[in-house]
Peer 1: 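Pasting in a structure now, in structure tokens, and then I'll have a few things to ask.
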Amino acid sequence: MTIASPPLTALPILDLSLLDQGEDAAQRFRDELTRVTHEIGFFYLTGTGVSPELEARMLRVSREFFALPDEDKLAIRNHKSPQFRGYTRLGDEQTYGKVDWREQIDICREAEVVTDAAAPAYKRLVGPNQWPEGLPELRQTAEEWQRALCVVARKLLRNWAIALGAGASYFDDHFGDPFTLLKIVRYPGTERPSQGVGAHNDAGVLTLLWVEPGVGGLQVLRRDGEWIDAPPVPRAFIVNIGELLEMCTQGYLRATRHRVVSPLAPGERISVPFFYNPSLDSQFPIIDLPAPLKAKARPRARDPKNPYFDLYGWNALKGRLRAHPDVAAIYHQDLIDQGAAGSSVRILPDQTSEPAEI
Ligand SMILES: O=C(O)CCC(=O)C(=O)O
Ligand SMILES: [Fe+2]
């Protein structure tokens, strides 16, 4: 007989440094990692190797950025970037058609624009970032942050791959050079609790979230439909998996709905989500799970209004067009008119479409 465990009231805490403490410790880490991502899909991760100094610098430089005069922030507004980079002002972003109350800067891999007219449309996401003048530390810190977190993400993926019987390099081999997205976000205080970010699943592979110490607001949906608070834990990142990793594992690892409730005025909240994703050209892999795991896997019924594509780039493009319809209308109206990937699948945001059921 199995005894049902009591419902979680807080997310579990895992220590990544166990991987460097011998095979038994590493095995314990992997078992725990796989269990919590199967059950709740969200956990705190300590022992990441990100230094307190880098955390403090990220917080300081983020505050400096948001304190810049509006005209300096708007000088790098995402409306100037077909690649959706740069500053999103308050009110310009939506989740399922409802406005999120946050401002942010979006940063991806630095690259030249792809000018080849024959390239697939998702290559329009490739290009340069926009950086604020007079704050060079933001770029240095963001680049250091991305390097450090790519290492953490790869370690996690290798250990999931081992635990799921696929071999350590499975995701490295399939995902290629990652197409990552770093956001630095500020949620201003509001008079009453309101939507900082509406309830959603992350669409990609893996999210590593850093939140300024002492400021709550993130909530995670438990399987029984209760929202639980996920306040920041000192020196820990909050990790969750996205729907792509869920799909790669046939639903064995779970993407979980979460949201952010705005802080009360005069407070504010800085957070730094980092989204680790495959290279745009990578083909979506599905792990052939060992039978005991497959028996426990729960493949998700897909929402036909929110399709997934086999090639990662189309998913990335769809996500950006939906999150930023204003930028999409300026630069990518042709794609919205045509539908994604030359198919009949529309990538236009559908205001009535709900997140897939968990
Ligand atoms: O800011 C946060 O704490 C979470 C943000 C989030 O869930 C997202 O941007 O996908
Ligand atoms: Fe999220």
Side-chain angles (χ1 to χ4, degrees), residues 10-16 33 36-37 40-52 54-59 61-63 66 88 93 95 100-108 141-142 144-157 178 180-187 195-221 227-246 253-263 268-277 319 323:
L11 301 182
I13 302 180
L14 273 68
D15 178 3
L16 189 66
L33 175 71
V36 303
T37 14
I40 175 92
F42 251 94
F43 57 93
Y44 294 104
L45 187 68
T46 60
T48 59
V50 173
S51 70
L54 181 55
E55 289 184 45
R57 186 150 40 97
M58 177 54 100
L59 181 57
V61 79
S62 302
R63 286 194 176 131
F66 291 116
T88 306
E93 197 192 20
T95 299
D100 296 322
W101 203 239
R102 62 182 193 172
E103 58 178 333
Q104 68 195 35
I105 179 167
D106 280 25
I107 299 157
C108 297
T141 309
E144 219 176 298
W145 196 267
Q146 293 173 99
R147 278 194 298 275
L149 291 198
C150 275
V151 172
V152 174
R154 284 206 179 95
K155 279 190 188 171
L156 289 173
L157 287 166
T180 59
L181 168 63
L182 176 67
K183 285 178 187 276
I184 302 176
V185 187
R186 174 177 168 271
Y187 298 85
Q195 173 170 318
V197 164
H200 64 281
N201 292 338
D202 288 348
V205 166
L206 176 60
T207 307
L208 302 173
L209 170 72
W210 186 87
V211 178
E212 77 167 289
V215 188
L218 178 67
Q219 297 183 326
V220 174
L221 191 60
W227 287 98
I228 60 172
D229 288 322
V233 161
R235 307 297 332 282
F237 279 75
I238 299 169
V239 179
N240 66 288
I241 72 154
E243 291 192 355
L244 279 186
L245 190 54
E246 180 180 296
L253 303 182
R254 302 302 308 266
T256 298
R257 197 95 61 90
H258 54 285
R259 67 185 181 192
V260 175
V261 179
S262 300
E268 64 168 17
R269 177 177 185 272
I270 302 278
S271 74
V272 186
F274 172 77
F275 302 93
Y276 185 92
N277 285 307

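The structure displayed is predicted, hence computed values, not measured ones.
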Peer 1: My understanding is that only residues two or more places apart in sequence, or in another chain, count here; which of them pass ring pair (Phe, Tyr, Trp, His ring centres under 6.0 Å) with F274?
Peer 2: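 Partners of F274 by the ring pair (Phe, Tyr, Trp, His ring centres under 6.0 Å) criterion come out as none, since no residue qualifies.
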Peer 1: So, for E268 and E212, which heavy atoms are closest and what is the spacing to 0.1 Å?
Peer 2: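 In this case the closest contact between E268 and E212 is O-OE2, 3.7 Å.
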Peer 1: For residues I184 and M58, determine if any side-chain heavy atom of one lies less than 4.5 Å from a side-chain heavy atom of the other.
Peer 2: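 With C-beta onward as the side chain, the pair touches.
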Peer 1: Less than 4.5 Å apart, side chain to side chain, heavy atoms only: is that true for Y187 and E103?
Peer 2: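 No, every pair of side-chain atoms sits at 4.5 Å or beyond.
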Peer 1: Of all the heavy-atom pairs spanning A255 and G242, show the shortest one and how long it is.
Peer 2: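 Heavy-atom minimum between the residues: CB-C, 3.6 Å.
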Peer 1: Answer yes or no: is there a side-chain heavy-atom contact under 4.5 Å between L156 and L33?
Peer 2: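 Contact flag for L156/L33 side chains = yes.
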Peer 1: Could you tell me if the side chain of L209 sits less than 4.5 Å from the side chain of F237, heavy atoms only?
Peer 2: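 A side-chain contact under 4.5 Å is absent here.
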Peer 1: Only pairs at least two apart or in different chains count here, so list each salt bridge (charged side-chain N to carboxylate O under 4.0 Å, His left out) that has a residue in residues 41-52.
Peer 2: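 Of all non-adjacent pairs touching residues 41-52, none passes salt bridge (charged side-chain N to carboxylate O under 4.0 Å, His left out).
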Peer 1: So do the side chains of W145 and V272 get within less than 4.5 Å of each other, counting heavy atoms only?
Peer 2: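 Answer yes - side chains close enough.
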Peer 1: Enter the distance from L11:CG to N240:CG here, rounded to the nearest 0.5 Å.
Peer 2: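 Atom-to-atom, L11:CG and N240:CG are 9.5 Å apart.
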Peer 1: Supply the atom-to-atom distance L16 CG to L45 CG, rounded to the nearest 0.5 angstrom.
Peer 2: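 One gets 5.0 Å once the value is rounded to the nearest 0.5 Å.
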Peer 1: With a 4.5 Å cut-off on side-chain heavy atoms, are I228 and Q219 touching?
Peer 2: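 No; the side chains remain at least 4.5 Å from each other.
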Peer 1: Roughly how far, to the nearest 0.5 Å, is CD of E93 from OG1 of T95?
Peer 2: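 The CD atom of E93 is 6.0 Å from OG1 of T95, to the nearest 0.5 Å.
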Peer 1: Between W210 and Y44, is the gap from one ring center to the other below 6.0 Å?
Peer 2: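 No - the distance between ring centres of W210 and Y44 does not fall below the 6.0 Å cut-off.
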Peer 1: Going through the checks in order, is the side chain to side chain contact (heavy atoms under 4.5 Å, CB included) test met by L14 and T46?
Peer 2: CA-CA 6 Å; L14 273 68; T46 60; over 6 Å; no
Peer 1: Strictly distance-based, threshold 3.5 Å: is any side-chain N or O of T256 a donor or acceptor partner for the main-chain N or O of I40?
Peer 2: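 Such a contact is found between T256 side chain and I40 backbone.
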Peer 1: Grab the two heavy atoms, one from N277 and one from G204, that are nearest each other, plus how far apart they are.
Peer 2: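 Heavy atoms only, the tightest pair is OD1-CA, 3.1 Å.
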Peer 1: If I take atom CD1 from residue I270 and atom OG from residue S62, how far apart are they, to the nearest 0.5 angstrom?
Peer 2: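 Going from the CD1 atom of I270 to the OG atom of S62 covers 5.5 Å.
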Peer 1: Run the numbers on L149 and T180 for side chain to side chain contact (heavy atoms under 4.5 Å, CB included), then give the verdict.
Peer 2: CA-CA 10 Å; L149 291 198; T180 59; over 6 Å; no
Peer 1: Between N201 and H258, does any side-chain donor sit less than 3.5 Å from a side-chain acceptor?
Peer 2: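 Absent: no donor and acceptor within the cut-off.
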Peer 1: What is the distance from atom CG of L182 to atom CD1 of I105, rounded to the nearest 0.5 Å?
Peer 2: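 If I round to the nearest 0.5 Å, the distance is 9.0 Å.
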Peer 1: Would T207 and Y276 satisfy side chain to side chain contact (heavy atoms under 4.5 Å, CB included), going step by step from the backbone distance to the final call?
Peer 2: CA-CA 6 Å; T207 307; Y276 185 92; over 6 Å; no
Peer 1: So, R186 side chain and R102 main chain: donor-acceptor pair closer than 3.5 Å or not?
Peer 2: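 Between the backbone of R102 and the side chain of R186 there is no qualifying donor-acceptor contact (under 3.5 Å).
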Peer 1: Which atom names give the shortest non-hydrogen contact between P273 and V185, and what distance separates them?
Peer 2: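 The pair with the smallest heavy-atom distance is CD-CG2, 3.7 Å.
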Peer 1: Check I238 against A230 and note the closest heavy-atom contact, atom names and distance.
Peer 2: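 Nearest pair, atom of I238 first, then A230: CD1-O, 3.8 Å.
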Peer 1: Going by heavy atoms in the side chains, are R57 and E144 under 4.5 Å from each other?
Peer 2: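 A side-chain contact under 4.5 Å exists here.
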Peer 1: Less than 4.5 Å apart, side chain to side chain, heavy atoms only: is that true for T88 and Q104?
Peer 2: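 Yes, their side chains come closer than 4.5 Å.
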Peer 1: Passes side chain to side chain contact (heavy atoms under 4.5 Å, CB included), V211 versus L218? Steps please.
Peer 2: CA-CA 9 Å; V211 178; L218 178 67; 5.7 Å; no
Peer 1: Under the rule for side-chain hydrogen bond (donor to acceptor under 3.5 Å, both in side chains), what residues qualify as partners of Q195, not counting sequence neighbours?
Peer 2: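 Only D100 meet the side-chain hydrogen bond (donor to acceptor under 3.5 Å, both in side chains) criterion with Q195.
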Peer 1: Working to the nearest 0.5 angstrom, can you tell me the gap between T48 OG1 and K155 NZ?
Peer 2: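 Between T48 OG1 and K155 NZ, I get 9.0 Å after rounding to 0.5 Å.
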Peer 1: Which heavy atom of C150 sits nearest a heavy atom of P178, and at what distance?
Peer 2: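 Result for this residue pair: SG-CG, 4.3 Å.
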